[in-house]
Amino acid sequence: MRAVRLLLLVFLLGAPPGRADSLRYEFLLLPSASAVGTFERRAGNTQIHDEVVQADLLLTLQKGPFKLFGEYLVSDHEGDLERFQLGWQLSDDTVLWIGRFHQPTSVWNHDHHHGQYLQTSITRPDIDEWEDLGGVLPQHFTGVLAESGATVMRSWWLRTAVAGGIAPQITAEGLEPFDLLRPDSNRHQLGYQARVSLHPGQFSESGAGIVLAQDDLTGVELTSPELIGFDHAQVRLAGLFATYAGAKWKATSAVYYADTRLYYTGSRGNDRFVVGYIQAERRLPHNLTGFARWEDSAGTGNSPYLHLFERFARSRRVAGLRWDFVQRQALTVQFANTLKFAGHYTDIRLQWSAAFF
Amino acid sequence: MERGILLNMRRALQLFMLLCLVSQTCAASHTLVLVVRADSKVTDLDSLTVRKLFLGLPVLVDGSLLHPVRNRSDKELDPIFLQQIVAMSQSAYDRQILNGVNRQGWLRPAEVNTASRILETLYADPNTVTFMWLHEVAHNPRVRVLRVLWSN
């Protein structure tokens with residue numbers, strides 16, 4: 001299998017259109033360090049195990065229209081190959097990827113990925129949380145991703161992304177994506193996603209769009225008595241999102257509607273829930289940015305699917321201040337109040353984050 | 001008397017010609033042009049494509065990726081680059097470049113600090129696209145001017 005992948009890589013990087021071009025590369029390091037304190041704890045399981053120190057390493061190798069793009073995250077509790085994509089630039093605005101990618105229907109992750117410096121708040125909305133930090137929606141897939149853009153209605157810009165690939169599985173610890181470095185032999189099912197958004201211009205962050213997904217998640221090694229006979233879950237997702245990015249104000253919002261079905265041996269259960277958030281950011285003098293986010297949900301209390309993940313936050317209020325004290329380095333302080341199935345808690349976080357080429 | 005008038009007219013004409021020459025030289029030294037290697041496949045790039053290129057977005061010509069080089073050999077070039085070429089502030093440009101690398105694995109434009117190094121880069125790679133002062137490339141047979149980007 002490794003030899004096949006290597007041959008494919010050599011073939012693509014040595015193919016005629018790329019042969020005339022020199023090999024180019026780009027490296028980006030996004031380190032961060034944070035301290036977390038929780039108080040007013042009424043929940044037994046609070047989210048205090050976030051990484052304290054982490055380094056996100058991104059590397060691109062490009063030869064002609066072909067490129068290899070990788071993201072490796074090292075932290076005080078993990079080291080994971082988060083993205084590993086072989087890309088073919090079909091035209092200026094269309095690229096076809098194969099490999100492990102972040103699925104395009106997560107509004108937050110599609111924009112920020114793992115780089116802490118590139119997001120204003122310290123934490124992300126819980127509905128877009130990574131699998132290993134208690135996330136309830138699958139984020140990492142291994143398969144094919146096609147991204148494209150085109151001018152529509154004279155000057156507007158339409159962005160599209162469609163993807164399909166091996167979906168994460170549900171384990172006793174939560175969702176677990178397919179690991180390229182340590183592949184398992186468990187049964188994996190597939191997931192498909194699509195995202196369409198319209199923007200006032202090609203370079204504009206402002207815009208609005210829709211996302212659609214259907215992901216089948218196999219249950220593996222679930223020993224809990226209530227999950228005896230559980231085979232897999234199907235998550236159907238539809239969402240709307242909008243972003244306004246002005247000179248002083250920025251606002252990002254997303255609403256997801258999920259229809260989940262749990263398949264047991266001889267029976268089936270299903271439920272529906274809605275989760276959404278809105279984050280507002282205001283640029284202030286002295287390179288300061290104030291931000292606030294409101295996350296909320298409906299229909300989550302009785303969702304058997306969400307009860308598979310103990311750490312899901314049903315609602316959360318976040319507020320904070322970021323200070324970009326030198327170029328590409330920032331200090332952020334954030335307060336949050338979170339309600340989980342088992343109770344609520346308040347936390348305060350302090351973070352240093354940076355970006356280095 | 002007539003001879004004196006003729007002499008004055010001659011002097012005025014000479015002064016006028018001198019002023020024209022000086023103004024032309026000044027204009028040439030403050031005209032920024034987009035350049036490629038003389039044998040490059042690139043024949044024309046509109047301002048939107050130039051903006052895309054220097055924001056780090058991929059631009060293909062005949063299946064070959066163009067390689068933008070940001071000229072930083074002169075401090076005067078930075079504000080012109082930000083205002084006329086990429087049309088954004090330094091912080092917005094920085095963020096755009098970081099987002100491009102993080103989201104799409106785009107390559108940021110190379111930055112070169114001397115005119116001689118820029119010419120070397122240009123001579124070595126037919127896919128390089130850069131910008132230089134007109135007086136630095138005028139009459140250079142190895143360089144082709146694609147368009148004027150800015151002039152005072």
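Chain letters run A, B, ... following the sequence lines, proteins first and then strands; every chain starts at 1.
- In this structure, the portions of A:L118 lying under 4.5 Å from any heavy atom of chain B include both its backbone and its side chain.
- When all heavy atoms of A:D111 and B:N102 are compared, the pair lying nearest together is O-ND2, 4.3 Å.
- For chain B, the option among A:H112, A:Q85, A:H110, A:R83 with the highest count of heavy-atom pairs below 4.5 Å is A:R83.
- Neither the backbone nor the side chain of A:F27 comes within contact range of chain B; no heavy atoms are under 4.5 Å apart.
- Heavy-atom neighbours of A:W88 CH2 from other residues, nucleotides or ligands within 6.0 Å: at or below the threshold of 12.
- Between B:D125 and A:R24, at least one side-chain N (NZ, or NE/NH1/NH2) sits under 4.0 Å from a carboxylate O, which counts as a salt bridge.
- Residues A:Q202 and B:R51 are not in side-chain contact: their nearest non-hydrogen atoms beyond the backbone lie 4.5 Å or more apart.
- Atoms CD and CG, from A:Q89 and B:L65 in turn, are 7.0 Å apart once rounded to the nearest 0.5 Å.
- By the 6.0 Å contact criterion, CZ on B:R95 is enclosed, its count of non-hydrogen atoms from other residues, nucleotides or ligands being greater than 12.
- Using a 4.5 Å heavy-atom cutoff, the side chains of B:K52 and A:D93 are in contact.
- The minimum heavy-atom distance between B:N99 and A:E205, with the atom names listed, is ND2-OE2, 3.8 Å.
- Contact count against chain B (heavy-atom pairs under 4.5 Å) is highest for A:F69 among A:Y25, A:F69, A:W97.
- Between A:Q62 and B:L107, the shortest heavy-atom contact is CB-CD1, 3.8 Å.
- If you take CG on B:L60 and OG1 on A:T94, they are separated by 10.0 Å, rounding to the nearest 0.5 Å.
- With a 4.5 Å cut-off on non-hydrogen atoms, A:H102 does not touch chain B at all.
- The CG atom of B:D94 sits 7.0 Å away from the CZ atom of A:F357 when rounded to the nearest 0.5 Å.
- Of the two parts of A:D324, neither the backbone nor the side chain holds a non-hydrogen atom closer than 4.5 Å to a non-hydrogen atom of chain B.
- Of the two parts of A:L59, neither the backbone nor the side chain holds a non-hydrogen atom closer than 4.5 Å to a non-hydrogen atom of chain B.
- Closest approach of A:P65 and B:G63 over heavy atoms only: CD-O, 3.7 Å.
- Residues A:K67 and B:G105 come closest through the heavy atom pair NZ-O, 3.8 Å.
- For B:L57, the part sitting under 4.5 Å from any heavy atom of chain A is the side chain, from C-beta outward, and nothing else.
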